Each structure stands twice: as structure tokens, then as C-alpha cells.
Amino acid sequence: VSYLPRGDRSHTRKLLDAFLEKAQGAAIESLDLLEDTPDLLDSRRVMAYIARDYLGETLTPEDTAVLAGMDRMTAQFMAADAVVMAFPMYNFTFPATVKAYFDAIMLKGKTWDVGDDGFIGLMTGKKALILMASGGIYEGDFAPYEHALTLAQVEFGFMGFEDIRTVTAAGMNFLKPEEVDAAVAKAQDEARAVATDWGLGG
């Protein structure tokens, strides 16, 4: 699942390409959120979602159609053994389109639910990898500004994912060109290592 508006200039794309290169031969299905944009939780979708998944009501054909895009993305998400998400950091968190994707696939009764003891993640046994480049370096005094990786990890964990990995290339706006190349190369090696650890490709 990718959101890479800078195309070939994207440092995050270089991490994703390294992972995919190592995972050649694996059955991979791609979702480009630039081309297939998630539906937003507007008023009608929220009310239809609550009626169906919280109240157990039967929807009209029109309201069923309103949720069709979210249901399609959720079904694709649920069918995966591993989910790789690649996106940049925007303003200390992930881009709005990526948040819309999480909103689209985090559906009660599908990827999570509520039981007698509280929330239940329904995606147990699944793996997730988050790939991200950022302009800044979010360590030390700047660690509290990082809300992209941390939120993505929370989202996956809430849904029950048990193996959640992260690979980042940080400081892209502040490092010297040769330092940028070295940081990206290091992150690419880490992405390839995840593919190897997961038994993907050759």
C-alpha cells in the first residue's frame, strides 16, 4: 500500500523498491493510494457504517453502495498475510490520504471488534512493515513530534497484527547529499532484511 506523490524522487519509494526487489517471486498485490483514493468518512458513510456494523441494521441498496469502496479495500486488506505500507511524513504524521485508508479498513467486525473484555484485534497472525522517509530526525528533544510511525504501529496493533516492523530514512532535508545516500542505502538494506526474514523471494 503506497502513497508516494513525489514519484521517482521519493526516498520512501527507494525503500519500497528495495523490499520488492528482494521479495521477487512472492505473490504481491499493490494498492496505489494516489490512483485508488480511499473514501472519506463523511456524514453519510459514518451513519451507514454505524447502522450496519454497530446496530446490525439492514442497509438500503444506496447506503450499501456508499460503503462499497471501504468494503473493497477492507476485503483486500484482510486477505493479505503481510501488509507493507510506504509513505512520507507530512507535518509530523502520515498524509491525510493514508489516514483515510486506515479509516476505510478499520471496520468493526472486520479487522477489529469488541468483546466482554474490551477490544479485540481480528488480524492476528499477520505481519506489517511500515516504510517511511522524513525530512527531520525525530530523536531526543524532537521525539515527541513524531506521530507517523507511532500512530501506524498503534493502528496495526489495535487490529491484532503481531509482527510490526518499521524502516525509516530520517533527516533527508538536513543531511549532506552523501549522508542522504548513505542513510537511504542503510534503510534499503533494512527493508531487504525484512523480506528475507519473512521468507519472501530468493
Side-chain angles (χ1 to χ4, degrees), residues 1-7 10-17 19-20 23 26-50 52-54 63-113 119-134 146-169 191 194 198:
V1 181
S2 63
Y3 179 80
L4 302 167
R6 295 178 68 231
S10 168
H11 296 299
T12 307
R13 176 177 289 280
K14 296 173 184 176
L15 309 189
L16 178 59
D17 287 346
F19 177 89
L20 294 175
I28 297 174
E29 185 173 351
S30 297
L31 175 61
D32 184 347
L33 298 182
L34 289 168
E35 301 295 331
D36 193 349
T37 305
D39 291 330
L40 296 178
L41 280 175
D42 58 15
S43 178
R44 185 162 185 187
R45 287 191 186 92
V46 166
M47 297 309 295
Y49 168 50
I50 291 173
R52 185 189 69 180
D53 295 353
Y54 281 81
D63 281 341
T64 298
V66 162
L67 297 180
M70 295 170 62
D71 288 340
R72 172 178 57 83
M73 287 190 174
T74 302
Q76 180 190 45
F77 183 82
M78 292 173 62
D81 296 317
V83 177
V84 179
M85 291 198 69
F87 53 80
M89 175 187 278
Y90 284 176
N91 300 317
F92 312 120
T93 188
F94 41 65
T97 302
V98 178
K99 179 61 167 67
Y101 177 73
F102 275 117
D103 288 344
I105 54 88
M106 292 182 70
L107 300 184
K108 182 180 182 296
K110 303 288 196 306
T111 54
W112 67 276
D113 214 332
F119 296 112
I120 304 168
L122 301 179
M123 301 290 287
T124 55
K126 308 280 190 176
K127 304 179 180 70
L129 170 62
I130 305 157
L131 303 172
M132 187 190 81
S134 63
E146 196 288 297
H147 300 284
L149 290 178
T150 49
L151 180 54
Q153 288 174 293
V154 167
E155 306 272 36
F156 279 117
F158 182 80
M159 291 184 285
F161 280 74
E162 296 168 347
D163 184 352
I164 305 170
R165 314 283 184 98
T166 64
V167 174
T168 62
V194 174
W198 284 354

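Please read all numbers here as calculations on a predicted model, not as lab measurements.
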Undergrad: Step by step, would you call Leu41 with Met70 a side chain to side chain contact (heavy atoms under 4.5 Å, CB included)?
TA: CA-CA 9 Å; Leu41 280 175; Met70 295 170 62; 3.6 Å; yes
Undergrad: Go through it in stages, so that I can follow the logic: the residues are Leu107 and Asp71, the test is side chain to side chain contact (heavy atoms under 4.5 Å, CB included), and I'd like the CA-CA distance, side-chain angles, deciding distance and then a yes or no.
TA: CA-CA 9 Å; Leu107 300 184; Asp71 288 340; 3.7 Å; yes
Undergrad: Identify the heavy atoms of Thr93 and His147 that sit nearest to each other, and give their distance.
TA: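 Scanning both residues completely, I find the closest heavy atoms to be OG1-O, 3.0 Å.
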Undergrad: Should Asp103 and Lys99 be marked as a side chain to side chain contact (heavy atoms under 4.5 Å, CB included) after you check the CA-CA gap, both sets of side-chain angles, and the distance that decides it?
TA: CA-CA 6 Å; Asp103 288 344; Lys99 179 61 167 67; 2.7 Å; yes
Undergrad: Please give me the minimum heavy-atom distance between Pro5 and Tyr90, naming the atom from each residue.
TA: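 Shortest heavy-atom contact: CG-OH, 3.0 Å.
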Undergrad: Within a strict 4.5 Å, meaning less than it, do heavy atoms of the Met73 and Pro38 side chains meet?
TA: yes
Undergrad: With a 4.5 Å heavy-atom cut-off, do Glu155 and Ile130 have their side chains touching?
TA: no
Undergrad: Give the minimum heavy-atom separation between Ala169 and Leu15, together with the two atoms involved.
TA: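 The answer is N-CD1, 4.2 Å.
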Undergrad: I need the minimum non-hydrogen distance between Met89 and Ala148, along with the two atoms involved.
TA: CE-CB, 4.0 Å
Undergrad: Could you tell me whether the side chain of Arg6 reaches within less than 4.5 Å of the side chain of His11, counting heavy atoms only?
TA: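 Side-chain contact under 4.5 Å: yes.
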Undergrad: Below 4.5 Å, heavy atoms only, C-beta onward: do Val83 and Phe161 meet side chain to side chain?
TA: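 When only atoms from C-beta onward are counted, Phe161 and Val83 do touch, with a gap below 4.5 Å.
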Undergrad: What I'd like to find out is whether the side chain of Trp198 reaches to under 4.5 Å of the side chain of Asp163, using heavy atoms alone.
TA: yes
Undergrad: Taking side-chain contact (heavy atoms from CB on, under 4.5 Å) as the definition, give me every residue that meets it alongside Thr111, ordered by chain and number, with sequence neighbours left out.
TA: Thr74, Phe77, Met78, Met106, Met123, Met159
Undergrad: Do you know which two heavy atoms are closest between Thr97 and Thr37, and how far apart they sit?
TA: CG2-CG2, 4.4 Å
Undergrad: Using every non-hydrogen atom in the two residues, find where Asp113 and Gly109 come nearest and quote the distance to one decimal.
TA: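 In terms of heavy atoms, the two residues are closest at OD2-CA, 3.6 Å.
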Undergrad: Let me confirm one number: the CG-CG distance from Leu129 to Leu16, rounded to the nearest 0.5 Å.
TA: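 CG of Leu16 is found 9.0 Å from CG of Leu129.
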Undergrad: Can you list everything that forms a side-chain contact (heavy atoms from CB on, under 4.5 Å) with Tyr54? Sequence neighbours excluded, please.
TA: Tyr49, Ile50, Lys108, Trp112
Undergrad: Measuring only between side-chain heavy atoms, which start at C-beta, is Lys110 closer than 4.5 Å to Leu122?
TA: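 A side-chain contact under 4.5 Å is absent here.
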Undergrad: Count the heavy atoms belonging to other residues, nucleotides or ligands that lie under 6.0 Å from CG of Asp42, then report whether that count exceeds 12.
TA: yes
Undergrad: Considering only residues two or more places apart or on different chains, which pairs with a residue in residues 123-134 satisfy side-chain hydrogen bond (donor to acceptor under 3.5 Å, both in side chains)?
TA: none
Undergrad: Once you round to the nearest 0.5 Å, how far does CZ of Arg52 lie from OG1 of Thr64?
TA: 7.5 Å
Undergrad: Start with the C-alpha gap between Tyr101 and Tyr3, add the side-chain angles, then the distance that decides, and say whether side chain to side chain contact (heavy atoms under 4.5 Å, CB included) holds.
TA: CA-CA 10 Å; Tyr101 177 73; Tyr3 179 80; over 6 Å; no
